[in-house]
> 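Just passing along the structure, written as structure tokens.
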Amino acid sequence: AGVQALDTVIGSLVASLGPQWREETTVIFTSDNGTPDSVLELWPPGHGRSSLFEGGVQVPLVISGRAVDAALRGTRTAELVSLTDLFRTTAGWAGITDLPAAVAEDSIDLRSLLHVPPQGTRTGPVRATLFAESFWENEHSKAAKAATRPAGSGTFQQGASPCQALDMAGNVWEWCQ
């Protein structure tokens, strides 16, 4: 039922973009860090979210619309990609191609996968390996787990949380109250 509801909502969102959305808009759909163990049926316990097993690192990534050649729309690729790749990919769409080497150094521009290459120009996989890391519980993750709602604006005296997340002018929870 959850997948059907998600499909319905995403379908409504895309439909609201109008009939020409594929020519005018790029839609990126993805998920976060894997499936929680509590709902995994095909993986052993402990092989889901927050693990380095496939159930913890494999998430959907769908890119559709303007950025994808019409001939490739509706197709799949078996290429190994990472969500970090969205950094260089979206920067490239914005015309920023000369990022410093130390900025998003593990991000690879995926735009070449979204276009039909001229005959014989694709030389191999975009990414040969994928890096993942496990985050062990520490004082910051314990504090985050203990929180019952997002921190309000001005909560942190120094302007940043203990894990250095910037103190924003507001947060979604506050805006919805």
> Could you tell me whether a side-chain N or O of D85 sits under 3.5 Å from a main-chain N or O of I108, the two making a donor and an acceptor?
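Yes.
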> Side chain of T30, backbone of P60: donor and acceptor closer than 3.5 Å?
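At least one qualifying donor-acceptor pair exists.
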> A side-chain contact here means heavy atoms from C-beta on lying under 4.5 Å apart; do V68 and T75 qualify?
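Of all side-chain heavy-atom pairs linking T75 with V68, none is under 4.5 Å.
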> Could you tell me whether the side chain of T89 and the main chain of L110 form a donor-acceptor pair under 3.5 Å?
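Side chain of T89 to backbone of L110: a pair is present.
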> Determine whether V126 and F87 fall in the same hydrophobic cluster, where Ile, Leu, Val, Met, Phe, Trp and Tyr are linked whenever their side-chain heavy atoms lie under 4.5 Å apart.
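No, V126 does not connect to F87 through the hydrophobic network.
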> Other residues, nucleotides and ligands only: do more than 12 of their heavy atoms fall within 6.0 Å of CZ on R66?
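Not more than 12 within 6.0 Å, no.
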> Would you tabulate the side-chain donor-acceptor contacts of residues 91-105 under 3.5 Å, counting partners in other chains and residues two or more places apart, or write 'none'?
none

> Quick check for you: to the nearest 0.5 Å, what is the distance between I28 atom CD1 and T90 atom OG1?
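Spacing of CD1 (I28) from OG1 (T90) equals 6.5 Å.
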> Do S107 side-chain atoms and R88 backbone N/O form a donor-acceptor pair below 3.5 Å?
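Checking the backbone N and O of R88 against the side chain of S107, a donor-acceptor pair under 3.5 Å is found.
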> Distance from I63 atom CD1 to L72 atom CG, nearest 0.5 Å?
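Here the rounded value is 11.5 Å.
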> Looking at R111, is its backbone amide N or carbonyl O close enough to the side chain of D109 to form a donor-acceptor pair, meaning the two atoms are under 3.5 Å apart?
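Judged by distance alone, yes, a pair lies under 3.5 Å.
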> Treat each ILVMFWY residue as a node, draw an edge where side-chain heavy atoms are under 4.5 Å apart, and state whether V81 and V116 are in one component.
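Same cluster: V81 reaches V116 through Ile, Leu, Val, Met, Phe, Trp or Tyr contacts under 4.5 Å.
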> Evaluate the side-chain proximity of S82 to D106: yes if any heavy-atom separation is below 4.5 Å, no if none is.
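No; the side chains remain at least 4.5 Å from each other.
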> Rounded to the nearest 0.5 Å, what's the gap from CH2 on W21 to CG on L13? Could you check?
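Reported value, rounded in 0.5 Å steps: 10.0 Å.
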> Rounded to the nearest 0.5 Å, what separation is found between the CG atom of L114 and the OG atom of S64?
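With rounding to 0.5 Å, CG (L114) is 10.0 Å from OG (S64).
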> Mark yes or no for whether R127, through its side chain, and E79, through its backbone, hold a donor-acceptor pair below 3.5 Å.
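Looks like no, no N/O pair under 3.5 Å.
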> Does one hydrophobic cluster hold both L17 and V62, with members joined at side-chain heavy-atom distances below 4.5 Å?
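Yes, same cluster.
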> Report the residues that fulfil side-chain hydrogen bond (donor to acceptor under 3.5 Å, both in side chains) with T77, sequence neighbours left out, ordered by chain and then residue number.
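Checked T77 against side-chain hydrogen bond (donor to acceptor under 3.5 Å, both in side chains); zero matches.
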